[in-house]
Engineer: 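Before we start, here is the structure in question, set down as structure tokens.
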Amino acid sequence: MIGPIFLRGDLVHRFKEYLASTEYHCVIHNGVANINCTQKKLEFKELNDVFNTFINSDYPIICKSGSKSKIPFWDYHIAVNRSRYDKELVVTELLIREPKEHNLINAVLMAFYILINEKYKYERLVVPIKMNEIIGYEDIEIHSKNEMTTLFKKIV
């Protein structure tokens with residue numbers, strides 16, 4: 001079983017070891033998008049920078065595989081921080097594997113459904129990438145402008 005969890009405790013060291021040995025697209029780093037990045041293993045300095053940003057973020061969400069899986073972590077991981085605006089979150093790190101577009105959408109939706117709800121009291125998720133490919137989610141309102149996308153919980 002694959003599931004999203006917050007990167008905490010015993011998983012921190014295992015996650016860093018896995019990142020050091022696995023190729024990822026670093027699509028968003030420190031809140032800046034690089035949609036044309038290539039999938040690669042992160043160099044030592046970049047690995048430490050990405051990893052530190054992840055563990056120091058407000059909501060470091062990783063996709064973990066089940067205990068019987070040979071692969072400990074899955075194809076997308078996202079770090080989200082509180083914005084300077086009330087009830088708003090911003091994606092600051094996004095690591096994905098191929099298929100790139102599919103996993104980008106999955107990661108953003110994962111963060112959205114975990115954090116934009118009554119439990120956490122947030123209403124918006126801002127992604128520094130223009131995303132027009134999210135269709136079929138009637139409960140999400142999507143606004144793309146310039147190179148930013150904001151996802152809202154629709155009010156019914």
Engineer: Stepwise, does the side-chain contact (heavy atoms from CB on, under 4.5 Å) test hold for Thr38 with Glu23?
Structural biologist: CA-CA 9 Å; Thr38 58; Glu23 293 183 346; over 6 Å; no
Engineer: State, yes or no, whether a side-chain contact exists between Leu11 and Ile5 at a heavy-atom distance under 4.5 Å.
Structural biologist: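 Yes, their side chains come closer than 4.5 Å.
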Engineer: Quick one, Gln39 and Ile96 - any side-chain contact, counting heavy atoms below 4.5 Å?
Structural biologist: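 Gln39 does not reach Ile96 side chain to side chain.
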Engineer: Kindly compute the distance separating CG (Leu94) from CD1 (Ile28), expressed to the nearest 0.5 Å.
Structural biologist: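 Leu94 atom CG to Ile28 atom CD1 measures 4.5 Å (nearest 0.5 Å).
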Engineer: Using modelled atom types only, decide if a donor and an acceptor are shared between the side chain of Thr149 and the backbone of Ile129 within a distance under 3.5 Å.
Structural biologist: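 Side chain of Thr149 to backbone of Ile129, a donor-acceptor pair under 3.5 Å: yes, one is there.
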Engineer: Pair His29, Asp49 - check side chain to side chain donor-acceptor pair (under 3.5 Å), show working.
Structural biologist: CA-CA 9 Å; His29 179 54; Asp49 192 32; 2.7 Å; yes
Engineer: Between Phe6 and Ile62, is any pair of side-chain heavy atoms under 4.5 Å apart?
Structural biologist: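 With C-beta onward as the side chain, the pair stays apart.
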Engineer: Of all the heavy-atom pairs spanning Lys100 and Cys37, show the shortest one and how long it is.
Structural biologist: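 In terms of heavy atoms, the two residues are closest at NZ-O, 3.1 Å.
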Engineer: Return the CE to CD1 distance between Met131 and Ile142, rounded to the nearest 0.5 Å.
Structural biologist: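 One gets 7.5 Å once the value is rounded to the nearest 0.5 Å.
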Engineer: Might you work through the side-chain contact (heavy atoms from CB on, under 4.5 Å) test for Tyr24 and Leu19, ending with a clear yes or no?
Structural biologist: CA-CA 8 Å; Tyr24 276 93; Leu19 284 183; 3.8 Å; yes
Engineer: Taking side chain as C-beta onward, heavy atoms only, is Glu93 less than 4.5 Å from Pro60?
Structural biologist: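 When only atoms from C-beta onward are counted, Pro60 and Glu93 do not touch, as no gap falls below 4.5 Å.
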Engineer: With sequence neighbours left out, what residues match Lys40 under side-chain hydrogen bond (donor to acceptor under 3.5 Å, both in side chains)?
Structural biologist: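 With sequence neighbours excluded, Lys40 shows a side-chain hydrogen bond (donor to acceptor under 3.5 Å, both in side chains) to Glu46, given in chain and number order.
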Engineer: Suppose we screen for side-chain hydrogen bond (donor to acceptor under 3.5 Å, both in side chains). Which residues come up paired with Tyr113, at least two apart in sequence or across chains?
Structural biologist: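 Counting only residues at least two positions away or on another chain, Tyr113 forms a side-chain hydrogen bond (donor to acceptor under 3.5 Å, both in side chains) with Asp139.
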Engineer: Any pair with a residue in residues 78-90 that passes side-chain hydrogen bond (donor to acceptor under 3.5 Å, both in side chains), sequence neighbours left out, goes on the list, sorted by first then second residue, please.
Structural biologist: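 Every pair satisfying side-chain hydrogen bond (donor to acceptor under 3.5 Å, both in side chains) with a residue in residues 78-90: Asp58-Arg82, Asn81-Thr92, Arg82-Tyr122, Ser83-Glu88, Glu88-Arg124.
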Engineer: For Thr53, what residues pass the side-chain hydrogen bond (donor to acceptor under 3.5 Å, both in side chains) criterion, not counting sequence neighbours?
Structural biologist: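 Partners of Thr53 under the side-chain hydrogen bond (donor to acceptor under 3.5 Å, both in side chains) test: Asn30.
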Engineer: Only counting residues at least two apart or in another chain, list the ones meeting side-chain hydrogen bond (donor to acceptor under 3.5 Å, both in side chains) with Asn52.
Structural biologist: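 side-chain hydrogen bond (donor to acceptor under 3.5 Å, both in side chains) list for Asn52, sorted by chain: empty.
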Engineer: Does Thr150 form a side-chain contact (heavy atoms from CB on, under 4.5 Å) with Leu125? I'd like the steps, not just the answer.
Structural biologist: CA-CA 6 Å; Thr150 304; Leu125 177 66; over 6 Å; no
Engineer: Name the orientation class of the two ring planes belonging to Tyr120 and Tyr59 (parallel below 30°, tilted from 30 to 60°, perpendicular beyond 60°).
Structural biologist: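 It falls in the perpendicular class, over 60°.
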Engineer: With a 4.5 Å limit on heavy-atom distance, are the side chains of Val108 and Leu151 in contact?
Structural biologist: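 Yes - at least one pair of side-chain heavy atoms lies under 4.5 Å apart.
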Engineer: Is the closest side-chain heavy-atom distance between His143 and Phe152 below 4.5 Å?
Structural biologist: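 The answer is yes; the side chains approach within 4.5 Å.
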Engineer: After noting the C-alpha distance and the side-chain angles of Tyr137 and Phe112, does the key distance pass the ring-ring contact (aromatic ring centres under 6.0 Å, His included) rule?
Structural biologist: CA-CA 12 Å; Tyr137 292 88; Phe112 181 86; 9.0 Å; no
Engineer: Checking Ser57 side chain against Phe54 main chain: does a donor-acceptor pair fall under 3.5 Å?
Structural biologist: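 Judged by distance alone, yes, a pair lies under 3.5 Å.
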Engineer: Answer yes or no: is there a side-chain heavy-atom contact under 4.5 Å between Leu89 and Ile116?
Structural biologist: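 Answer yes - side chains close enough.
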Engineer: Taking all atoms of both residues into account, what is the closest heavy-atom pair of Ile114 and Asn117, and its distance?
Structural biologist: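 Taking every non-hydrogen atom into account, O-ND2, 2.7 Å.
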Engineer: Nearest 0.5 Å please: distance from the CG atom of Asn106 over to the CE atom of Met110.
Structural biologist: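 That separation rounds to 8.5 Å.
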Engineer: Main chain of Leu95, side chain of His77: is a donor-acceptor contact present, judged purely on distance under 3.5 Å?
Structural biologist: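 No; zero donor-acceptor contacts below 3.5 Å.
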Engineer: May I ask you to decide if Lys45's main-chain N or O and Glu43's side chain share a donor-acceptor pair within less than 3.5 Å?
Structural biologist: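 Pair absent, no side-chain N/O of Glu43 close to backbone of Lys45.
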Engineer: Would you say that Asn34 contacts Cys26 through its side chain, given a criterion of any heavy-atom pair below 4.5 Å between the two side chains?
Structural biologist: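 Sidechains of Cys26 and Asn34: no contact.
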Engineer: With sequence neighbours excluded, tell me which residues meet salt bridge (charged side-chain N to carboxylate O under 4.0 Å, His left out) with Lys41.
Structural biologist: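 Lys41: no salt bridge (charged side-chain N to carboxylate O under 4.0 Å, His left out) contacts found.
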Engineer: Does Leu7 form a side-chain contact (heavy atoms from CB on, under 4.5 Å) with Ile61? I'd like the steps, not just the answer.
Structural biologist: CA-CA 6 Å; Leu7 181 60; Ile61 305 168; over 6 Å; no
Engineer: Which pair of non-hydrogen atoms, one from Ala107 and one from Ile78, has the smallest distance, and what is that distance?
Structural biologist: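 Residues Ala107 and Ile78, closest heavy atoms: O-CD1, 3.8 Å.
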Engineer: Could you tell me whether the side chain of Asp75 and the main chain of Arg97 form a donor-acceptor pair under 3.5 Å?
Structural biologist: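 A pair under 3.5 Å: no.
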Engineer: Is a side-chain donor or acceptor of Lys16 paired with a backbone partner of His13 at a separation under 3.5 angstrom?
Structural biologist: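 Between the backbone of His13 and the side chain of Lys16 there is no qualifying donor-acceptor contact (under 3.5 Å).
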